[in-house]
> 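What follows is a structure written as C-alpha cells; I'll ask about it next.
The figures here come from the full heavy-atom set of this structure, side chains too, leaving out hydrogens, waters and symmetry mates.
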Amino acid sequence: MKKIIAILFSIFIICFSILFIVEPKKDFSENENRKLASFPKFQISSIIDGEYMENLGKYINDHFPYRDLFVSMKNKFEIEILNKKLVNNIFIAEDGYLIENYENGKNTDKIIKNLNLFRESVNVDVDFMLVPTQISIYSDKLPKYASYGKQVESIKEYYSRLEFNNIDVFKALFENKDKKLFFKYDHHWTMDGAYIAYLEYCKDKGIEPVDLSEYSVEDVKGFKGTIYSKLNYPSNLEGEDLRIYKKDFNLEIEYDGKKSNSLYNMDYASKKDKYSIFLNNINSFVEIENKDFKGLEELVVIKDSYANSIIPFLVNHYKKIYVFDPRSYKKPISEFINEKKIENVLILYNANTIDNDTGINAIY
Amino acid sequence: MVFSSLEFLFFFLPLVSILYFLIRDLKIRNFILIVSSVLFYAFGEPKAILIMLMSIVLNYGLALLIEKVSKFKKVFLFLAVVINIGLLFIYKYADFFIGSVNYVFKSNFSLLGLPLPIGISFFTFQAMSYVIDVYRKDVKAQKKILNILLYISFFPQLIAGPIVKYHDIEKQIDNRKTSFDGYCKGVHRFLIGLFKKVLIANNVGLVWENILNSDISSMSLTTAWIGAICYSLQIYFDFSAYSDMAIGLGKMFGFDFLENFNYPYISKSIREFWRRWHISLSTWFKEYLYIPLGGNRISEKRTYVNLFIVFLATGLWHGASWNFIIWGLWHGFFSIIERLGLEKILKKDKTTILSRVYTLFVVVVGFTIFAITDFNKLREYIGVMILNKNHLILDKEAIFIFINNYFYILVGIVCSMPIYLKIKSFNKTYLKIIGFIMMIVCFIISIAYLVSSSYNPFLYFRF
C-alpha cells in the first residue's frame with residue numbers, strides 16, 4: 001500500500017508541476033477581483049533581501065492549477081461535511097444568506113476624533129448616517145449560538161460621541177426587513193435598502209421624498225458578490241438579482257474628470273462585480289449636476305460604496321452633488337466645502353467598513 | 001521555505017528528488033543535497049546563510065584542532081562553546097538581555113535589533129554536538145568539510161529539528177542505502193506529517209488565535225479552556241508534524257533520523273512527558289548539559305540544582321522571553337516535586353486517571369504560559385481558566401466555537417493517542433484499504449487547504 005501511495009503522490013506532484021509550467025497564466029482573477037502576482041523580475045538586490053523568493057512564492061500560489069476549484073472544495077468540505085457555520089469569517093446563515101461577521105472596531109476612538117475635527121473645520125451642520133449591515137438586520141437568520149461583535153452598540157457609540165446631526169436608519173431598516181434590503185452574497189445593501197434610508201434622510205431634512213413608483217425597474221441576473229467570492233461556494237450557484245431603479249434625469253456627470261450622463265455604468269452588468277454598476281464603481285471624486293432641478297441647493301457626500309446606490313434618489317433634491325471617496329481623494333474635503341460654501345454635507349458609511357477607512361483621517 | 005507550502009511540494013521537492021535519483025554516485029548525491037539545502041535556507045533567509053556557513057566552517061576547524069593538538073583540546077573546546085553560544089546570544093538573546101537590564105536598572109542601552117536567523121537554535125546545537133563528540137573521542141574529527149556541511153545544513157532538519165547528533169548520523173553520510181522501499185516509507189511518513197500540519201495544527205491554531213484576540217474580559221471559562229487545549233494541540237501537531245516530515249524526507253534520501261515525539265499527551269507524569277516530548281532536545285540537554293554537570297551522581301541536592309539548570313536552559317532555548325523561562329521552570333518545578341515523592345503517590349492510582357489528568361493540567365497550563373508573551377494578558381487569561389467570579393463558566397460563544405470546530409479538536413485529541421499503532425497491529429486487509437483511501441482523501445483535502453490559504457479575495461470595492 002505504501003508503495004502505491006508513494007507512486008501516486010509522485011505522479012500527482014509531477015503532473016501538477018508540469019501543468020503549472022505549461023498552463024497559460026491569467027493576469028486578473030475575477031473571482032477575487034484582484035490582479036494576480038506576476039513573475040518576479042530577476043534582481044540581485046531583491047534576491048539578497050528575500051523579496052524575490054517571497055514574490056516567487058506568491059506567483060506560484062496565485063497561478064496554481066485549478067486554484068478556484070481547490071478553494072471551493074475546501075469550503076464545501078468545511079460546510080457540508082464538517083457542518084461548519086462560520087467559514088472564512090462568513091456565517092452560513094439561513095435562506096442561503098452568507099453574512100459577513102462583525103468584529104468590534106479597533107479604531108473607533110481615532111475615527112471619532114478625526115470626524116469631530118472635521119466638524120470643527122466646516123461651518124455647516126453635517127448629517128451622519130452609519131448603516132448597520134446584514135448581521136444586525138438579519139440576525140435572526142444567523143446560525144444557532146452564533147456570537148459576533150456588537151455592531152448596534154458600536155453605531156450608538158458613534159452617534160453619541162460625534163457632534164453631527166445623526167440619521168439613525170437601524171429602526172427603519174429593521175422594521176422593513178421583510179423586503180430584500182441586503183444582498184445574500186454581497187456585503188452591500190440593495191437599492192430597496194438604500195431607498196428606506198433615503199426616506200429617513202428626507203424625513204430628517206424635511207424634504208418630500210420621491211415615490212419609488214416614479215422609477216422604472218430593471219433586474220440584472222446572476223449577481224454573485226463579494227461574500228460569495230470569499231467562499232467560492234456553492235460552486236453551481238446561479239446568483240441573485242440585482243435590482244436597479246431608474247428614472248429619467250437630465251444629468252451631467254464627471255467621474256474623476258470623465259464625462260457621462262448616467263448614474264449607472266451598465267458595462268458592469270455582464271461582469272462579476274455587478275454592484276459597480278452604481279456610480280461607475282470607485283471614483284475619488286464625482287460631480288453630478290441635475291439640469292432639470294430648479295433650486296440652487298448643493299450637497300457634498302463623503303462616503304463608502306454603500307452610498308453609490310442611494311445617490312440615484314438624492315439626485316432629485318439637489319442642483320449639484322459632489323461625491324468624495326476619502327480612500328482615494330487625498331485633499332482635505334473641508335476646504336472644498338468652505339470654498340464652495342456648501343450647506344449640505346452627508347457622511348455615509350456602513351458599520352463594517354468605517355473602522356478600516358484610513359482616508360477619514362485626512363478629510364479635514 | 002516550509003514543507004507545507006506549494007513551492008516546496010510542487011517544485012523544490014520533485015526537482016531535488018529527480019536529480020538525486022538520476023545520479024548513482026553517493027558523493028555527487030551528497031553534493032546535490034548540500035546545494036539544495038543551501039538554496040532551501042536561502043529561500044527564506046538569504047542574508048543569514050553567511051552566519052550558518054561561518055558557524056559550520058568554525059566548528060569544522062575547531063574539531064580538527066581538538067583532535068590534532070590534543071594538548072590544547074580544552075582550550076579549543078572552550079572556544080567552540082563560546083563561539084556557538086555567543087552566536088546564539090547575539091542573535092537570539094542580546095535584545096532580551098539588554099531590555100531586561102534596562103528595565104531593572106532603568107538604564108537606556110539601545111537594542112541591537114538583529115533579525116533572528118531561522119533555525120539558529122537548531123544548527124548551533126547540532127554543531128556543538130559534533131565538536132563535543134570529537135572532544136570526547138566518541139567520533140573522529142571529519143576531514144571532509146562537505147560532510148560537516150551536509151550534517152548541519154541538511155534541509156529536512158535544518159530549520160525545525162529534530163536536532164540530529166553527529167554520532168547518530170556520522171556513518172550514514174558516507175555510507176547509506178537509498179532504496180525504492182525507503183523512498184516509499186519516507187513519502188508515507190512525510191504525508192502523515194503534512195496532514196497533521198495542514199488539517200489539524202493550522203485549524204486548531206486558527207481557533208486559538210481567534211480566542212486569544214477576542215475580548216478576554218468577557219470570556220467564559222470554557223472558551224478559555226478550549227483556547228488553551230487548541231493551542232496545546234497546535235503546538236504538538238505543528239512541531240511533531242515537522243519532525244514527521246523531516247524524518248520522512250530523510251528516509252526518502254536514505255537517512256535514518258531518531259524519533260522526536262512519542263505520544264507525549266498520554267504521559268502519566270511530567271518526567272514521562274519529557275521522555276516523549278521533543279526527544280532530540282531533551283536527550284541533547286541530558287548528554288551535553290545534565291550529565292556533564294554531574295547528573296544525579298553527586299548528591300541529592302546537586303541533582304535538583306542540575307534539574308533546575310536544565311529546565312531553565314530548556315525554557316530559554318525556546319525563545320528569548322520571560323514566559324519561556326517561566327514555562328521551563330514550571331516544568332522543572334513539577335519534575336522535582338515528582339522526584340521528591342509525588343510520583344510514588346501518583347503510582348498508587350491504578351486507574352491512572354488521576355496521574356493523566358494531573359499531567360495534562362500541568363502541560364496545558366504550561367503551554368498557555370508558553371503562548372502568551374504579554375504578562376498582563378497572561379495573568380488575565382490564566383485567571384479566566386481557574387474560575388474567576390466575574391466570568392461565566394459556559395456561554396454562547398464557547399458553544400459556537402466548539403460546534404464550529406469540534407472536528408479538528410476531536411481528531412486532534414484522538415490522534416494524540418497511539419490509536420494508529422493499535423490499528424496497525426491488527427494487520428487486517430480491510431483496515432489497510434480504509435487507510436489507503438483515507439490517505440488519498442486527506443492528501444486532496446490538504447492540497448485544497450494549502451491552496452486556499454493563499455486565496456485572499458482582495459475586496460478593494462468592499463468599502
Side-chain angles (χ1 to χ4, degrees), chain A residues 1-10 12-14 16-17 20 31-35 47-50 53 56-58 60-62 64 66-67 70-71 73-75 77 82-86 104 143-147 187 226 229-230 232 273 275-276 281-282 304-305 325 327 352-353 356-357, chain B residues 1 5-7 9-11 13-15 17-18 42-47 180-181 183-188 190-191 214-215 252 395-401 403-408 432-433 435-436 439-440 443-445 447-463:
Chain A
M1 287 296 183
K2 277 185 189 169
K3 283 184 186 157
I4 304 175
I5 288 169
I7 293 167
L8 285 177
F9 168 81
S10 312
F12 183 91
I13 295 283
I14 289 171
F16 265 77
S17 5
F20 178 88
N31 247 340
E32 289 167 83
N33 200 20
R34 70 178 176 99
K35 248 186 99 174
I47 287 180
I48 290 170
D49 63 19
M53 287 76 102
L56 196 64
K58 278 186 194 153
I60 291 170
N61 278 301
D62 273 3
F64 196 76
Y66 303 110
R67 185 151 168 274
F70 278 118
V71 171
M73 186 197 287
K74 176 241 168 195
N75 290 323
F77 169 72
L82 305 188
N83 207 10
K84 279 185 86 157
K85 298 289 182 202
L86 181 67
N104 289 326
K144 221 173 157 188
Y145 303 115
S147 59
H187 70 284
T226 55
S229 294
K230 280 189 162 187
N232 226 0
D273 180 14
Y275 186 84
S276 297
N281 197 6
I282 307 246
D304 64 14
S305 59
D325 191 326
R327 274 166 305 150
N352 261 14
T353 52
N356 301 321
D357 192 338
Chain B
M1 205 178 336
S5 69
L6 298 174
E7 56 264 34
L9 270 175
F10 290 91
F11 295 93
L13 185 59
L15 221 62
S17 317
I18 289 172
F43 203 89
E45 296 277 291
K47 281 179 200 152
F180 178 61
D181 200 44
Y183 174 80
C184 295
K185 278 186 182 148
V187 168
H188 194 264
F190 178 84
L191 287 176
S214 67
D215 186 8
M252 288 163 68
D395 65 353
K396 222 171 74 167
E397 193 192 6
I399 298 174
F400 189 71
I401 293 171
I403 54 178
N404 216 33
N405 297 292
Y406 72 95
F407 178 80
Y408 311 121
K432 278 186 186 165
I433 293 170
F436 175 79
M439 288 291 285
I440 306 253
F443 180 70
I444 304 278
I445 297 176
I447 298 296
Y449 267 92
L450 275 182
V451 175
S452 300
S453 66
S454 74
Y455 178 89
N456 323 307
F458 180 59
L459 305 176
Y460 67 79
F461 51 94
R462 44 170 298 130
F463 291 95

> With under 30° as parallel and over 60° as perpendicular, where do the rings of A/F16 and B/F10 fit, or are they tilted in between?
tilted
> Please classify the contact between A/K144 and chain B as side chain, backbone, both or neither, with a heavy-atom cut-off of under 4.5 Å.
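Only the backbone of A/K144 comes within 4.5 Å of chain B.
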> When rounded to the nearest 0.5 angstrom, what distance separates CG in B/L15 from OG in A/S17?
8.5 Å
> Decide yes or no for B/F443 and A/I5: does some side-chain heavy atom of the first lie under 4.5 Å from some side-chain heavy atom of the second?
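In short, these two side chains do not touch, never coming nearer than 4.5 Å.
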> Is the shortest heavy-atom distance from the side chain of B/L6 to the side chain of A/F20 under 4.5 Å?
no
> Between A/D49 and B/K47, is there a salt bridge with N-O shorter than 4.0 Å?
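A salt bridge is absent here (no side-chain N lies under 4.0 Å from a carboxylate O).
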> For A/L56, which atoms come within 4.5 Å of any heavy atom of chain B: side chain, backbone, both, or neither?
side chain
> Measuring heavy-atom distances to chain B, does A/I13 have an atom under 4.5 Å in its side chain, in its backbone, in both, or in neither?
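Both parts, backbone and side chain.
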> Rounded to the nearest 0.5 Å, what's the gap from CD1 on B/I445 to CE on A/M73? Could you check?
8.5 Å
> Name the member of B/N404, B/V187, B/L191, B/D215 that forms the most heavy-atom pairs with chain A at distances under 4.5 Å.
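Ranked by heavy-atom pairs under 4.5 Å with chain A, first place is B/N404.
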> For the candidates B/Y406, B/F190, B/F400, which exhibits the highest count of non-hydrogen atom pairs separated by less than 4.5 Å from chain A?
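Max contact count across the listed options: B/F400.
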> Which atoms of B/I18 are under 4.5 Å from chain A, going by heavy atoms: the side chain, the backbone, both sets, or neither?
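Side chain only.
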> Do the side chains of B/Y408 and A/L82 get nearer than 4.5 Å, heavy atoms only?
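Counting from C-beta outward, A/L82 and B/Y408 do come under 4.5 Å.
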> Does some side-chain heavy atom of B/F436 sit less than 4.5 Å from a side-chain heavy atom of A/L8?
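In contact.
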> If you define the side chain from C-beta out and look only at heavy atoms, does anything of A/K84 sit under 4.5 Å from B/F407?
no
> Taking atom CZ of B/F180 as the centre, report whether more than 12 heavy atoms of other residues, nucleotides or ligands fall under 6.0 Å from it.
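Count over threshold, so yes.
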> So for B/D395, is it side chain, backbone, both, or neither that comes closer than 4.5 Å to the heavy atoms of chain A?
neither
> Could you tell me the separation between the CD1 atom of B/I447 and the CZ atom of A/F12, rounded to the nearest 0.5 Å?
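Here the rounded value is 5.5 Å.
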> For each of B/L9, B/I433, B/I403, tally heavy-atom pairs with chain A at distances under 4.5 Å, and name the one with the top tally.
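Of the options given, most contacts go to B/L9.
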> Counting only non-hydrogen atoms closer than 4.5 Å, does B/A398 touch chain A with its backbone (N, CA, C, O), its side chain (CB onward), both, or neither?
neither
> From A/M53 CE over to B/E7 CD, what is the distance, rounded to the nearest 0.5 angstrom?
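If I round to the nearest 0.5 Å, the distance is 11.5 Å.
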> Under 4.5 Å from any heavy atom of chain A, what part of B/F43 do you find: side chain, backbone, both or neither?
both
> Which distance, rounded to the nearest 0.5 Å, do you find between the OG of B/S214 and the CG of A/N104?
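The OG atom of B/S214 sits 10.0 Å away from the CG atom of A/N104.
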> A/F9 versus B/M439: any side-chain heavy-atom pair under 4.5 Å?
no
> Any idea which heavy atoms bring B/A448 and A/F70 closest together, and the distance?
CB-O, 3.5 Å
> Among A/K3, A/K58, A/K74, single out the residue with the greatest number of heavy-atom pairs under 4.5 Å to chain B.
A/K74
